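A quick write-up on the structure given underneath.
These numbers come from the heavy atoms of this one structure, side chains and all, not from hydrogens, waters or symmetry mates. In this chain, residues are counted from 1 in sequence order. Since we're looking at a predicted model, the values are computed, not measured.
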Amino acid sequence: MSAEAPKVVIESAPFDYRFPHTNQAKNCWANFNMAVRCRMDNGVDHPTCLPFKKTYRSLCPDAWVKKWEEQLAAGTYPVAFTKTAAGH
């Protein structure tokens, strides 16, 4: 018996009324930042962070994400994140 290949679901980012125009760079940036904040508050694999990650992975060029992740690791990312009180 042959094993079935896993089903791949391809989705694009949902409409966000805050970013109604064609250029989605701000939407990309905002969702990346929300994903980072969510990971800091809830942990890396928390289910509430998944929508942010899916959206920025859909909208942002890989080169941008790689650069931002490198900047986060080096402490040179242009946004200073702090844990929220709810993230204890």
Side-chain angles (χ1 to χ4, degrees):
M1 186 182 326
S2 65
E4 291 185 29
K7 184 177 178 182
V8 176
V9 178
I10 299 174
E11 300 174 342
S12 62
F15 177 75
D16 189 334
Y17 68 89
R18 298 173 299 165
F19 307 100
H21 303 292
T22 303
N23 187 340
Q24 293 294 304
K26 287 183 182 180
N27 191 356
C28 154
W29 171 259
N31 275 280
F32 181 82
N33 289 329
M34 288 187 288
V36 171
R37 164 72 64 174
C38 186
R39 285 192 311 242
M40 288 180 66
D41 291 344
N42 302 306
V44 175
D45 294 325
H46 199 274
T48 58
C49 302
L50 187 59
F52 301 125
K53 182 178 181 179
K54 287 174 80 175
T55 301
Y56 84 74
R57 292 302 299 163
S58 174
L59 296 174
C60 301
D62 291 336
W64 292 6
V65 173
K66 181 179 177 188
K67 179 181 177 184
W68 295 337
E69 289 174 346
E70 289 171 354
Q71 289 175 332
L72 281 168
T76 59
Y77 189 69
V79 176
F81 294 103
T82 56
K83 286 188 74 133
T84 62
H88 283 114

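D45 pairs by the salt bridge (Lys or Arg N to Asp or Glu O under 4.0 Å) definition with nothing, not counting sequence neighbours. In this view, K54 and E11, L50 satisfy the side-chain contact (heavy atoms from CB on, under 4.5 Å) rule, not counting sequence neighbours. Looking at residues two or more places apart in sequence or on another chain, you find a ring-ring contact (aromatic ring centres under 6.0 Å, His included) between F32 and Y56, W68, Y77.
A continuous path of Ile, Leu, Val, Met, Phe, Trp and Tyr side chains, each step under 4.5 Å between heavy atoms, connects W29 with V36, placing both in one hydrophobic cluster. Each of M40 and F52 belongs to its own hydrophobic cluster when Ile, Leu, Val, Met, Phe, Trp and Tyr are linked at side-chain heavy-atom distances under 4.5 angstrom. Following chains of ILVMFWY side-chain contacts shorter than 4.5 Å, one can reach V65 starting from V79, so the two form part of one hydrophobic cluster.
Of all the heavy atoms in Q71 and P78, the pair that sits closest is OE1-CD, 3.8 Å. Closest heavy-atom contact between G43 and C49: O-SG, 4.1 Å.
Taking 4.5 Å as the limit, every side-chain heavy atom of N31 sits out of range of all side-chain heavy atoms of K53.
Separation of atoms CE (M34) and OG1 (T48) is listed at 12.0 Å; rounding is to 0.5 Å.
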